[in-house]
Q: 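Provided herewith is a single structure, encoded as structure tokens, for subsequent inquiry.
Just so it is clear: chains get the letters A, B, ... in the order the sequence lines come, proteins before strands, and each one is counted from 1. Keep in mind that the numbers below use all heavy atoms, side chains included, and drop hydrogens, waters and symmetry copies.
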Protein chains: 2
Amino acid sequence: MTSRPPRPRDRGIPEATVARLPVYLRALQALQDRGILTVSSEALATAAGVNSAKLRKDLSHLGSYGTRGVGYEVEYLVYQISRELGLTQDWAVAIVGIGNLGRALANYGGFGSRGFRIAALLDADPGVVGQSVASIQVRHIDSLEEVVRSRGVSIGVIATPAASAQGVASRFVEAGVTSILNFAPVVLNVPDGVDVRKVDLSIELQILAFHAQRRADGDGRDARAAGLELT
Amino acid sequence: MTSRPPRPRDRGIPEATVARLPVYLRALQALQDRGILTVSSEALATAAGVNSAKLRKDLSHLGSYGTRGVGYEVEYLVYQISRELGLTQDWAVAIVGIGNLGRALANYGGFGSRGFRIAALLDADPGVVGQSVASIQVRHIDSLEEVVRSRGVSIGVIATPAASAQGVASRFVEAGVTSILNFAPVVLNVPDGVDVRKVDLSIELQILAFHAQRRADGDGRDARAAGLELT
DNA sequence: ACGCGCTTGTGAAAGCGCGCACAAAGTGGG
DNA sequence: CCCACTTTGTGCGCGCTTTCACAAGCGCGT
């Protein structure tokens with residue numbers, strides 16, 4: 001709107017677009033690894049599993065980074081998306097709950113290369129505290145506040161059992177963490193201004209089951225015929 | 001029109017609603033554990049973290065299971081949602097890739113109680129094959145087809161490294177599995193009719209980082225004013 | 001029996017996201 | 001220099017989602 005020339009990108013990037021940028025970024029990095037310098041929206045869209053028009057519209061929210069008749073320069077686009085997502089800066093992450101899931105997260109290589117640094121691993125179990133996971137020593141949950149402060153943790157990951165999750169979340173918030181990724185199957189209660197994202201392993205399975213059942217129901221008879229009766 | 005009284009629910013449930021039903025179900029089961037028999041849309045909506053009007057509209061797609069002036073009977077609603085999601089039947093799940101994530105999934109108690117049964121664990125690593133995880137013996141990936149057939153596996157879970165995911169997916173499809181839950185950070189290529197859902201641990205982190213950066217940008221100064229300077 | 005208060009179920013409106021289709025813009029060949 | 005070809009960026013319409021607001025319905029107390 002107002003100052004357009006010096007500021008091509010708009011601050012209001014649609015949420016749906018934000019959710020896809022990491023997918024594009026990953027596809028672009030894969031292309032980069034293969035030594036590809038330039039890519040068309042069509043090719044990138046295929047690699048990312050989306051419609052090419054959607055891809056172009058998504059990228060247009062960041063600015064006009066393509067060249068008509070040519071496509072997008074891979075390296076440049078990687079940089080622009082990274083910057084937009086905030087991956088050019090360093091994010092200190094603390095993981096609470098070092099069970100199998102916590103270990104899986106700690107060992108997940110993709111973090112380090114994308115601007116995320118695991119600053120601390122915390123657990124309540126004395127048998128786990130002191131162990132070394134992914135070359136990081138697990139500390140007791142009691143030191144959460146101290147760790148957050150001293151290491152500048154800005155993102156908290158909760159991989160505890162459901163019963164402990166709300167308590168951990170509250171302590172994170174109290175300590176000043178405003179971004180939380182929650183793997184526990186509970187709805188967290190946090191004040192405004194705190195951003196919580198939830199990843200729920202079993203919800204996805206249930207959605208799959210719903211569709212599978214739906215397919216099975218319409219199996220044998222025509223799916224459209226089933227839609228005819230009733231209403 | 002035809003058989004309406006015995007079949008009040010409509011087949012066309014919006015996708016957005018389906019994605020929320022598991023959340024309602026979990027909230028309801030928590031209420032049930034606390035001995036609560038009846039709940040209003042307002043209370044349930046709060047527990048599930050959604051707007052009450054949205055909740056009512058979602059439930060209305062299943063049928064009229066509430067009582068005006070009173071609310072919803074918890075037990076009845078649990079049954080209705082479970083049935084709609086297909087959780088009253090038994091789903092055999094095979095998990096491929098028994099690393100930390102695969103173990104976390106195998107040990108995740110929530111599955112068994114919700115209609116999902118882990119029918120098999122598979123891995124390519126000879127060092128892992130033969131181990132017992134969650135009281136199930138890990139078998140070699142080569143027996144995937146045999147296992148799917150003999151155990152009636154209908155849902156495949158991929159928890160392998162990215163490089164192996166597409167191969168596993170193709171084998172699942174080949175073996176007749178039409179529902180796949182993918183934890184590997186790649187876009188899977190599958191034929192029409194196969195339902196793939198993706199859970200990506202690092203994408204969620206990147207979305208959090210975006211919002212955190214956004215908050216940080218507008219910090220101190222007015223958010224709108226921040227849009228003026230720099231590039 | 002009746003009315004009052006509470007809660008559901010649902011029209012209607014507003015908002016958002018998706019994808020088509022095309023003009024604008026750049027490239028390369030002759 | 002011009003023309004044919006390629007690919008981006010986006011206006012537009014459509015359908016899905018969310019939210020508001022309220023009529024309809026139910027139970028309870030009197």
Side-chain angles (χ1 to χ4, degrees), chain A residues 1 4-5 7-24 27-28 31 36-74 76-77 80-81 84 207 210-211 227 231, chain B residues 4-5 8-24 27-28 31 36-74 76-77 80-81 84 207:
Chain A
M1 37 171 78
R4 224 28 190 321
R7 178 35 75 88
R9 65 184 170 137
D10 196 341
R11 274 319 198 177
I13 298 180
E15 196 50 38
T17 295
V18 173
R20 281 187 295 267
L21 289 180
V23 180
Y24 302 154
L28 283 166
L31 293 175
I36 294 171
L37 300 178
T38 283
V39 67
S40 71
S41 65
E42 190 61 43
L44 181 54
T46 301
V50 302
N51 180 298
S52 70
K54 189 180 344 193
L55 174 89
R56 287 197 299 276
K57 187 157 290 186
D58 282 343
L59 294 184
S60 76
H61 287 117
L62 312 189
S64 283
Y65 296 144
T67 306
R68 296 174 194 233
V70 178
Y72 300 88
E73 194 200 337
V74 174
Y76 186 53
L77 202 50
Q80 289 299 344
I81 295 179
E84 196 64 50
I207 297 173
F210 172 83
H211 291 304
T231 294
Chain B
R4 223 17 194 333
R9 67 187 167 131
D10 195 342
R11 276 321 202 176
I13 297 180
E15 196 50 38
T17 295
V18 172
R20 281 186 296 265
L21 288 180
V23 180
Y24 303 154
L28 284 165
L31 293 174
I36 294 170
L37 301 177
T38 282
V39 67
S40 71
S41 65
E42 189 62 40
L44 182 55
T46 301
V50 301
N51 180 299
S52 71
K54 185 170 4 184
L55 175 96
R56 287 198 298 277
K57 184 150 287 185
D58 282 343
L59 295 183
S60 77
H61 286 118
L62 312 190
S64 283
Y65 295 143
T67 307
R68 294 171 196 236
V70 178
Y72 300 88
E73 195 199 336
V74 174
Y76 187 53
L77 202 49
Q80 290 299 343
I81 295 180
E84 195 64 48
I207 296 173

Q: Just so I know, are the side chains of Leu59(B) and Thr17(B) near enough to count as touching, which here means a heavy-atom distance under 4.5 Å?
A: no

Q: Figure out the CG/P separation between Leu59(A) and dT8(D), and round it to whole Å.
A: 9 Å

Q: Could you check how far NZ of Lys54(A) sits from P of dC16(C), rounded to whole Å?
A: 17 Å

Q: Can you check whether Tyr65(B) has a side-chain N or O nearer than 4.0 Å to OP1 or OP2 of dT7(C)?
A: no

Q: So, does Thr67(A) use its side chain to make a donor-acceptor pair with the main chain of Val70(A) at under 3.5 Å?
A: no

Q: Using only heavy-atom distances, decide whether a donor-acceptor pair under 3.5 angstrom links the side-chain of Arg68(A) to the base of dT7(D).
A: no

Q: Output the rounded distance in Å from CD (Glu42(A)) to P (dG9(D)).
A: 14 Å

Q: Could you state the CG-C1' distance from Leu44(B) to dT8(C), rounded to the nearest angstrom?
A: 13 Å

Q: Rounded to whole Å, please give me the gap between CG in Asp58(A) and C1' in dG19(C).
A: 12 Å

Q: Please check if the distance between the ring centroids of Tyr65(B) and Tyr72(B) is under 6.0 Å.
A: no

Q: Can you check whether Glu42(A)'s main-chain N or O pairs, donor with acceptor, with Thr46(A)'s side chain at less than 3.5 Å?
A: yes

Q: Can you confirm whether Gln80(A) sits close enough to Glu84(A) that some side-chain heavy atom of one is under 4.5 Å from a side-chain heavy atom of the other?
A: no

Q: Establish, with yes or no, whether the OP1 or OP2 oxygen of dG9(C) is under 4.0 angstrom from a side-chain nitrogen or oxygen of Tyr72(B).
A: yes

Q: Atom pairs under 3.5 Å, N or O on each side, protein against nucleotides 12-15 of chain D: can you list them with distances?
A:
residue, atom, partner, partner atom, Å
dC12(D), N4, Lys57(A), NZ, 3.3

Q: Find the distance between OH (Tyr24(A)) and CG (Leu31(A)) and round it off to the nearest 0.5 Å.
A: 14.0 Å

Q: Just wondering, do Lys54(A) and Arg20(A) contact through their side chains at under 4.5 Å, heavy atoms?
A: yes

Q: Would you please confirm or rule out a distance under 4.0 Å between OP1 or OP2 of dT18(D) and any side-chain N or O of Arg20(B)?
A: yes

Q: Strictly below 4.0 Å: does Asn51(B) bring a side-chain N or O up to OP1 or OP2 of dT17(D)?
A: no

Q: Rounded to the Å, how far apart are Ile13(B) CD1 and dC16(D) C1'?
A: 15 Å

Q: Check the distance between dT10(C)'s C1' and His61(B)'s NE2 and give it to me in whole angstrom.
A: 10 Å

Q: Please check the phosphate of dT7(D) (OP1 and OP2 only) for any side-chain N or O of Ser40(A) closer than 4.0 Å.
A: no

Q: How do Thr67(A) and Val70(B) order along DNA chain C: which one's closest nucleotide is nearer the 5' end?
A: Val70(B)

Q: What integer distance in Å separates Leu21(B):CG from dT17(D):C1'?
A: 15 Å

Q: Using heavy-atom distances to pick each residue's nearest nucleotide on DNA chain C, tell me which of Ala53(A) and Gly69(B) is more 5'.
A: Gly69(B)

Q: Give the nucleotide from the list dC18(C), dA21(C), dA21(D) with an atom nearest to the side chain of Arg56(B).
A: dA21(D)

